[in-house]
Amino acid sequence: MKQPVRVAVTGAAGQIGYSLLFRIAAGDMLGKDQPVILQLLEVTPALKALNGVVMELRDGAFPLLVDVITSDDPMVAFKDAEYALLVGAMPRKAGMERGDLLGANGGIFKPQGEALNAVASRDVKVLVVGNPANTNALIAQQNAPDLKPQQFTAMVRLDHNRAISQLAEKTGKPVSSIKNVTIWGNHSSTQYPDLSQATVDGQPALDQVDREWYENSYISTVAKRGAAIIEARGSSSAASAASAAIDHMRDWALGTPEGEWVSMGIPSDGSYGVPEGLIYGFPVTVKDGTYSIVQNLPVSDFSRGKMGATAQELIEERDEVRKLGLVK
Ligand code: NAI
């Protein structure tokens, strides 16, 4: 049996946590041969509820779950963590401006970045799920100067999975027949779900659907799916978000299949003209725990416009948090 690895999860008593923790304990994220120690962070008032979740985790009798630690102190929860899933965040409240939201989240992600910098494994892989995910990831990253910037990522995988499922539904083909969709940019309504390189059963996706549907219906359906779920369910997408977080971390840890890519929010290196440093959704492949941006994809004028608009939103978010002194 392998040595156990430490997996930190913040916001662990929340909705996403309630799906996520059981999947990690079952080995869905790191493999059925990888024991884990869960290190769960919550705010002090939620520790009682978290304790109930821990009772259920123990009652799952998961063979791979070696131990569970809970704390309201990031210095405890992140100690020696090899994986950190930052789920807990400050939700947007009625009447809140973007600057207020970013500032409130800065109060969470700055100290968490500092704590990761101080105590996490030097190889920690960080996934930010809590919204606004891309800019929260930037804040955590910029406050962890001893870790590599590439260790901080944001989740666009739920959008990626939604992009696959919407195309599957439209074409009547199984999701397994669909490859190489891309989510460019921000996990927000400006994201660009791109089918220009996608295939269905090995054939170009855009030859199988009409362009009008793609441009005027598909893109906004994927981008606004979160709101549609809130409208239908009365609360936000949690199980599918947890599943996407599992997919993101699994592919980062264990690699992507040959000839296929996935979408991850990662620090831009300037590829495709995206300003360097922004945490932006890119098509990536992963080998030996390291991701690389898929290069030299053709970019049409239509794509260029959409990719630029979502970059612009991220620039504005970055400038707001810069004004607040949260990033350089
Ligand atoms: P939730 O409100 O049910 O749970 C959030 C939990 O975080 C709460 O238990 C809260 O006590 C905790 N928390 C707040 N501040 C904390 C801190 N400083 N340290 C530790 N824990 C803290 O929310 P839910 O549904 O679990 O969603 C969590 C986040 O994920 C939200 O920001 C949501 O917008 C985001 N999200 C992101 C998605 C993505 O695709 N990137 C998809 C779906 C949700």
Side-chain angles (χ1 to χ4, degrees), residues 8-23 39-54 69-78 81 84-93 96 101-116 126-140 143 152-163 183 185-189 191 193 222-230 233-249 262-266 279-281:
V9 180
T10 76
Q15 276 209 90
I16 293 177
Y18 197 64
S19 288
L20 181 61
L21 301 177
F22 295 84
R23 299 277 309 274
Q39 306 193 153
L40 310 180
L41 183 71
E42 258 298 350
V43 293
T44 315
L47 285 176
K48 179 166 181 272
L50 182 59
N51 194 38
V53 177
V54 173
I69 293 161
T70 63
S71 181
D72 56 3
D73 180 356
M75 296 289 274
V76 174
F78 294 155
L85 294 93
L86 310 188
V87 179
M90 178 73 74
R92 188 187 286 266
K93 301 202 178 93
M96 225 182 196
L101 180 72
L102 291 167
N105 278 291
I108 296 174
F109 287 88
K110 182 173 191 284
Q112 291 188 358
E114 290 166 348
L116 286 162
V126 182
L127 167 62
V128 176
V129 174
N131 280 321
N134 300 50
T135 297
N136 287 341
L138 184 70
I139 295 168
N143 288 283
F152 290 80
T153 66
M155 189 162 95
V156 294
R157 186 60 177 265
L158 180 54
D159 310 297
H160 179 96
N161 289 347
R162 287 166 172 168
I183 303 296
N186 201 2
H187 169 68
S188 77
S189 56
Q191 67 176 258
V222 172
K224 294 182 184 152
R225 184 74 162 174
I229 288 170
I230 292 176
R233 204 172 89 89
S235 58
S236 63
S237 44
S240 53
S243 196
I246 294 277
D247 289 346
H248 177 115
M249 280 304 209
V262 295
S263 306
M264 284 171 69
I266 59 169
I279 308 278
Y280 187 97

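All values derive from a computational prediction rather than experimental measurement. Atoms within each ligand, like the ligands themselves, are counted from 1 in listed order. The figures here come from the full heavy-atom set of this structure, side chains too, leaving out hydrogens, waters and symmetry mates.
Less than 4.0 angstrom separates some heavy atom of Ser236 from each of these atoms of ligand 1: 25 (O). Every atom of ligand 1 with a heavy atom of Ala241 under 4.0 Å away is listed here by number and element: 42 (C), 43 (C). Of all the atoms in ligand 1, the ones that sit under 4.0 Å from a non-hydrogen atom of Val87 are 28 (C), 29 (C), 30 (O). Within ligand 1, the atoms closer than 4.0 Å to a non-hydrogen atom of Ser237 are 43 (C), numbered from 1 in the order shown. Interface of Leu158 with ligand 1, defined as ligand atoms under 4.0 Å from a residue heavy atom, comprises 40 (O), 42 (C).
Atom 23 (O) of ligand 1 has as its closest protein heavy atom Gln15 N, 4.5 Å. For atom 11 (O) of ligand 1, the nearest non-hydrogen atom of the protein is Glu42 OE1, 2.7 Å. Of all protein heavy atoms, the one lying nearest to atom 27 (O) of ligand 1 is Ile16 CD1, 3.4 Å.
In summary, the side chains of Ser240 and Arg225 do not present any donor paired with an acceptor at a separation below 3.5 Å, with no hydrogens or angles considered.
Residues passing the ring-ring contact (aromatic ring centres under 6.0 Å, His included) test with Phe78, sequence neighbours excluded: none.
Residue contacts with ligand 1 include Gln112, since one of its heavy atoms falls under 4.0 Å from the ligand. Residue contacts with ligand 1: Ala238 is excluded, as none of its non-hydrogen atoms falls under 4.0 Å. Distances from ligand 1 to the non-hydrogen atoms of Pro91 include no value under 4.0 Å.
Within the 4.0 Å heavy-atom criterion, the part of His187 lying near ligand 1 is the side chain and not the backbone. At a heavy-atom distance under 4.0 Å, atoms from both the backbone and the side chain of Asn131 approach ligand 1.
When the heavy-atom distances from atom 6 (C) of ligand 1 to Ala242, Gly11, Gly17 are ranked, the shortest goes to Gly11. Of the listed options Asn161, Ile229, Val129, Val43, Val129 places a heavy atom closest to atom 37 (C) of ligand 1.
Atom CZ of Phe22 is surrounded by more than 12 heavy atoms from other residues, nucleotides or ligands within 6.0 Å.
Put simply, the side chain of Asn143 never gets that close to the backbone of Phe109: no donor and acceptor are under 3.5 Å apart. Judged by distance alone, with hydrogens and angles left aside, the side-chain atoms of Thr10 form no donor-acceptor pair with the main-chain N or O of Leu40 at under 3.5 Å. With hydrogens and angles ignored, the 3.5 Å screen pairs a side-chain donor or acceptor of Glu42 with a backbone N or O of Ala13. At distances below 3.5 Å, at least one donor-acceptor pair connects side-chain atoms of Asn136 with backbone N or O atoms of Gly130. In this structure a side-chain-to-backbone donor-acceptor pair under 3.5 Å is missing from Asn51 to Leu47.
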Inset, instruction - Show your reasoning for whether side chain to side chain contact (heavy atoms under 4.5 Å, CB included) applies to Thr153 and His248. - result: CA-CA 10 Å; Thr153 66; His248 177 115; 3.0 Å; yes
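Remark: atom 32 (O) of ligand 1 lies closer than 4.0 Å to at least one protein heavy atom.
Applying the salt bridge (Lys or Arg N to Asp or Glu O under 4.0 Å) test to every pair with at least one member in residues 234-249, sequence neighbours left out, gives these pairs: Asp247-Arg250.
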